[in-house]
Amino acid sequence: MALEGVLLGMGNPLLDISAVVDEDFLKKFDIQLNNAILAEDKHKSMYDEMSAKFNVEYIAGGATQNSIKVAQWLLQVPGATSYIGCIGKDKYGEEMTKNSRLAGVNVQYYEDENTPTGTCAVCVVGGERSLIANLAAANCYKVDHLKKPENWALVEKAKYFYIAGFFLTVSPESIQLVGEHAAAKNKVFTMNLSAPFICEFFKDVQDKALAYVDYVFGNETEARTYSKVHGWETDNVEEIAIKLSQLPKANEARKRITVITQGADPVCVAKDGKVTLYPVILLPKEKLVDTNGAGDAFVGGFLAQLVQEKPIEECVRAGSYAANVVIQRSGCTYPEKPDFH
């Protein structure tokens, strides 16, 4: 099976600025653990203060890019994955390009001349993370870049697509274009709920995109937020997973599958009106470094098996393996070679 270019991701490439902070810092900037938000005015001074006060690491990130890199790592076939997003013409952007290409991903960034590369503050306390994203250039992605023949060729070549919900705030037109292509050509389109704020404040564009989605990923908090926003009046993750899988779909040749992670609790997969629970690999608390990128890594592991047409239980097993590796390291990083059999 030829894997070159099989998986294409589109999203917000961000440089993670990661540090273990303290409760006072969280309070000062009104930050909640296990959340992901867009930076507001009150967060402007946070990035500098973080660098000044704490031991900061810079790691190439962004949710979709993380997942694509993890899939690439597990596949071990150079160029099996491609990725599109917008960066600035600056040293962070150069660093990101170098980093991703070294990882084997075929990145085709749109470079914005006037805006710096986006950053994401990763605040870690007790192994739990909170993300505050300053999208900057990532927010400037234009659908015209996707339509260029050399970039659209990546879409034509790919058989699987993955886009995190975060990209809904940037270029819903690009998502629509790829979704329509996937439905017309019977390709596999996958997406993530990504964060409670996406489900709350980008409800209409999210619902429009979900019509094209064959696999929808999310965690228990996002699933419950989606349920609340849509007036489903249930907090039961299994029920929500089934309802998500049964929403209307553009390509009826494929049934939608919902995959909800629940931290240390089993992964909940809804398919054909039934739920299967898959236990995850448990990790002793002292081995946990931080949860940044855990969900992204799970998706990356899952997709690495999916593009090889492996059964769902293998996809989940690889997802759990990848997440387990990533939470024992800082940020969404991994050793040189995977040890997944």
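The chain is numbered in sequence order, starting from 1.
- Under a 4.0 Å N-O distance rule, the pair Lys187/Asp214 does not qualify as a salt bridge.
- A donor-acceptor contact shorter than 3.5 Å links the side chain of Gln328 to the backbone of Asn324.
- Taking the six-membered ring for Trp and thresholds of 30 and 60 degrees, Tyr226 and His230 have nearly parallel ring planes, at less than 30 degrees apart.
- Taking the six-membered ring where tryptophan is involved, the planes of Phe167 and Tyr141 are tilted, since the angle between them lies from 30° to 60°.
- Atom NZ of Lys271 has 12 or fewer heavy atoms from other residues, nucleotides or ligands within 6.0 Å.
- Ring pair Tyr321/Phe340 is tilted by interplanar angle, where 30° to 60° counts as tilted.
- Side chains of Cys86 and Tyr109 form no contact here, defined as non-hydrogen atoms less than 4.5 Å apart.
- Here Val20 sits in one hydrophobic cluster together with Val122, Val124, Leu131; the rule is ILVMFWY side chains under 4.5 Å apart, joined directly or through other members.
- The other residues sharing a hydrophobic cluster with Val125 are Leu15, Ile17, Val21, Phe25, Leu26, Phe29, Ile31, Leu33, Ile37, Met46, Tyr47, Met50, Phe54, Val56, Tyr58, Tyr92, Ile132, where clustering joins ILVMFWY side chains under 4.5 Å apart.
- Between Thr117 and Glu95, the closest side-chain pair of non-hydrogen atoms is not below 4.5 Å.
- Within 6.0 Å of CD in Glu286 there are more than 12 heavy atoms belonging to other residues, nucleotides or ligands.
- Here Cys268 contributes atom SG and Asn219 contributes atom CG; the two are 12.0 Å apart, rounded to the nearest 0.5 Å.
- One N or O on the side chain of Asn192 and one on the backbone of Ser194 form a donor-acceptor pair closer than 3.5 Å.
- Annotation: side chain of Val6 is not in contact with side chain of Val77 (no heavy-atom distance under 4.5 Å).
- A heavy-atom distance below 4.5 Å is found between the side chains of Thr190 and Phe217.
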